[in-house]
Amino acid sequence: MTQKMLSEAEGYDILRKYDIPVPAYQIVKNGEDAAIAAEKMGCPVVMKIISPQIVHKSDAGGVMVGIGSRKAALGAFTRIIDNAKAYNADAEIDGVMVEQQAEPGLELIIGGRTDPAFGKVITFGMGGTMVELMKDVTLRILPVTEDEIRQMVKEINAYPLIAGYRGSKPRDEETLVKIIGDVSRFFLENEHIVEFDINPLRLYESGACAVDARVIVTDTVHQAVKKEHPPVPLEYFTPRSIAVIGASQDSSKMGYAVMHNLLHFPGQLYPVNNKRPEIQGLKAYPTISAIPAPVDMAVITVPAVNVPAVVEECGAKGVSMVVIITAGFKEMGPEGKALEDRVVQIAKGHGIRIIGPNCLGLIVPPRGIDTTYVHQSPKPGNIAFLSQSGAIINTVVDWSLAQNIGFSNVISVGNQCDLDFIDYLRYVEKDPKTKAIIMYIEQINDGKTFMEVVSEVAQSKPVIAIKSGSSRRGSAAASSHTGSLSGSYEVYMEAFRKSGVIAVHTLTGAFLAARMLAHPKRYPKGKRAVVVTNAGGFAVLSSDYAERYGIELIDLPREVIDELNEFLPEFWNKGNPIDLLGDATEKRFEKTFEVLTRHGDLWDMAFIVDFPNLVLTSEQLARQILKFSEKTENRVIVTMLGGDSLNVGREMLKEHDIPSFEELDFTYRVMGRVLWQKFRVKAPGLL
Ligand code: ADP
Ligand code: MG
């Protein structure tokens, strides 16, 4: 695959076909012709070097603007050529471009690149020579709708410069929207164009003009091969009998740990070991074929070279799912890849599905299944965790025990030679125990299918994702302005947002978000909030955090204040956050909640914030919160700020899937992230 950069003139010619305004130009090879062209075109003109080796022409002294006469054009020609030669002695020089000088305008950038996972992506932002410095860009995965383009334009920090800032007239936003649409079409329809940027596009009070175009084409169009995803019956994940092939009595071996964690499995468990008659107290079989009863799932821990033969035997035995823990496949290079392909072929022939290889396998706590070698199996619960890293699973499981978090499923996806994120998402979507899904993702192969599937899953269950490991690929693709402005990581973030996935940056954040969303009401309907608290200090902090994370605290209308006046002490703050004061009793909270329930159409979520004190026990408050949450259609979010003295209340809420957070900043930050997903709030907090 070779890539080459088109000349600016070629770029202009294609853009013009898509109705994008570009300056008239002429290519000249000597000073005389430059002078004639300048005169014919009408001064002032701009002159630019044409060289495939000079990407950033200004850096090479290859752009001269404001050329006002024949004579100036003659001089400019020589200077541009001299500058270019001084900049890069080996650069091929194809001539000089003489082009009409466009009026000054607001300089914007529209760029595009091809992401290895998600395909063609378009970026938009502040342009000119300071793009890298300002980094004020936003992006979308193509195709885009006009609405999305409009939103994109409004999203950049410099949008006020487009809308009209401090007395300056508004710019032609309609033309801009149309041009971004035309540019998207240009990018999508020309398969061989892999990257481009128009920097700058000058935007005027009326109209616009693109005054630079850098377009990169490839000679081979890469067609992504789509993997098939035949549905996996739910029973494949709920085996009645499991064989461990390579089960061991030697505690230093993987086959020991795996067997050990499976001892709690309430179904039939068969160790397979050709040297011992008994493993960890269970009768062992020399081969899987020797087991005198059906086997649903086989967990394989034997060395990689032996795996094809073992899978063949599993096929003969009628196994439906194999979990290949063994490493030494695709991740080891071409030989390993060939071995892995062979295993896939054999499995396919028998209709066997594969988890792994090079993974920990799966943990299904509600069914006592644990094929991993984690220290201690996690508790059953409602979170499904799909991870591309085994180590992270070990950490998360260990934490979960201390923090009393339970799982419906934990799946280590490994090399994903057969089943991959897409299949696992489909599975946990159907799994009745799963209420929220967390994914740890290093890389997705088929981004388009992933987006399709995860969008569907996210409709019924919240999906939260942590993405890592993007910088290597991102920087490889970042060969240009646009590339470096929108790395792969940003593309993933946009893919997540577009498909309804909540993106987080930390594991703690992932679990906070999962707890927030595992509630049946899940998302608030909007971003309008009320805060009810008995702590003045936390009322102030609530205002700060809400503003920081894009949550809108409403102004209380007169009638609500009047209703509250009826029972609150005279000197209450008469605003939102509603400060019920330190001596607030259960009754005061109850009556306030009643007022808010009656006015439920004014707000979308209520933040309840309390601290430990003697006039209100956490149990009393929890009782009122449960009643409130039941009566209102809106989301109720609780922060109980204190130590163990609040545990009774926290537990009562937890039983009803109402999370109670313990750090106020987190509460608002988590909600900010959730709202980012739905409403694309500005500057959501990192989680
Ligand atoms: P570079 O390769 O350095 O990006 P450009 O072609 O973008 O070179 O030119 C550098 C700058 O010169 C542009 O950012 C723009 O401000 C100005 N410029 C270029 N072409 C024109 C033109 N036709 N009319 C007016 N200004 C121009
Ligand atoms: Mg430029």
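Residue indices begin at 1 and follow the sequence shown. Ligands are counted one by one from 1 in listed order, and the atoms in each one are counted from 1 as well. All values below were derived from every heavy atom in this structure, side-chain atoms included, with hydrogens, water molecules and symmetry-related copies excluded. All figures in this text were calculated on a predicted structure; none of them were measured in a lab.
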For this session: Taking only Lys NZ, Arg NE, NH1 and NH2, and the carboxylate oxygens of Asp or Glu, determine whether K154 and E173 approach each other closer than 4.0 Å.
Result: yes
Exercise. What do you reckon, does D212 have a nitrogen or oxygen under 3.5 Å from a nitrogen or oxygen of ligand 1?
Worked result: yes
For this session: Verify the neighbour count for atom OH of Y165: are there more than 12 heavy atoms of other residues, nucleotides or ligands below 6.0 Å?
Result: no
Problem set entry | Minimum non-hydrogen distance to atom 6 (O) of ligand 1, winning option of M97, M47, K48, E8 | K48
Exercise. Can you tell me if an N/O/S atom from N199 lies under 2.8 Å from the Mg ion (ligand 2)?
Worked result: yes
Seminar exercise, completed: Numbered in order shown, the ligand 1 atoms found under 4.0 Å of a heavy atom of P200 are 7 (O), 13 (C), 14 (O), 15 (C)
For this session: Please state whether E103 comes within less than 4.0 angstrom of ligand 1, counting heavy atoms only.
Result: no
For this session: Report, as yes or no, whether the 6.0 Å neighbourhood of atom NZ on K85 holds more than 12 heavy atoms from other residues, nucleotides or ligands.
Result: no
For this session: Report the part of V63 (side chain from C-beta onward, or backbone N, CA, C, O) that has a heavy atom under 4.0 Å from ligand 1; answer both or neither where that applies.
Result: side chain
Exercise. If you look only at pairs with a residue in residues 86-106, which of them pass as a salt bridge (Lys or Arg N to Asp or Glu O under 4.0 Å), with sequence neighbours excluded?
Worked result: K48-E99
For this session: Verify the neighbour count for atom NZ of K40: are there more than 12 heavy atoms of other residues, nucleotides or ligands below 6.0 Å?
Result: no
For this session: Restricting to N/O/S, name the atom of D212 that gets closest to the Mg ion (ligand 2).
Result: OD2
Exercise. Which is it for R214 and ligand 1 at heavy atoms under 4.0 Å: side chain, backbone, both or neither?
Worked result: neither
For this session: Report, in ascending order of atom number, the atoms of ligand 1 lying under 4.0 Å from any heavy atom of N199.
Result: 7 (O)
Exercise. Do any nitrogen or oxygen atoms of Q101 lie less than 3.5 angstrom from nitrogen or oxygen atoms of ligand 1?
Worked result: no
Seminar exercise, completed: The residue among Q388, E331, K330 that forms side-chain hydrogen bond (donor to acceptor under 3.5 Å, both in side chains) with N415 is E331
Problem set entry | Under 4.0 Å to a heavy atom of E107 - the qualifying atoms of ligand 1, by number | 14 (O), 15 (C), 16 (O)
Exercise. Of the options L142, I141, D147, which is the one that meets V144 in a side-chain contact (heavy atoms from CB on, under 4.5 Å)?
Worked result: L142
Exercise. For ligand 1, which atoms sit closer than 4.0 Å to a heavy atom of E99?
Worked result: 20 (N), 21 (C), 22 (C), 23 (N)
Exercise. Can any side-chain N or O of S499 pair as donor or acceptor with the backbone N or O of V501 at less than 3.5 Å?
Worked result: no
Seminar exercise, completed: Within 4.0 Å of some non-hydrogen atom of V55, the atoms of ligand 1 are 2 (O)
Exercise. With a cut-off of 4.0 Å, which atoms of ligand 1 are near a heavy atom of S58?
Worked result: 1 (P), 3 (O), 8 (O), 10 (C)
Exercise. Using heavy atoms and a threshold below 4.0 Å, how should the contact between H56 and ligand 1 be classified: side chain, backbone, both, or neither?
Worked result: backbone
Exercise. Is the Y440-F385 ring centre distance short of 6.0 angstrom?
Worked result: no
For this session: Applying side-chain contact (heavy atoms from CB on, under 4.5 Å), name anything that partners D604, two or more places apart in sequence or on another chain.
Result: P524, K525, R528
Exercise. Does an N or O anywhere in G128 fall below 3.5 Å from an N or O of ligand 1?
Worked result: no
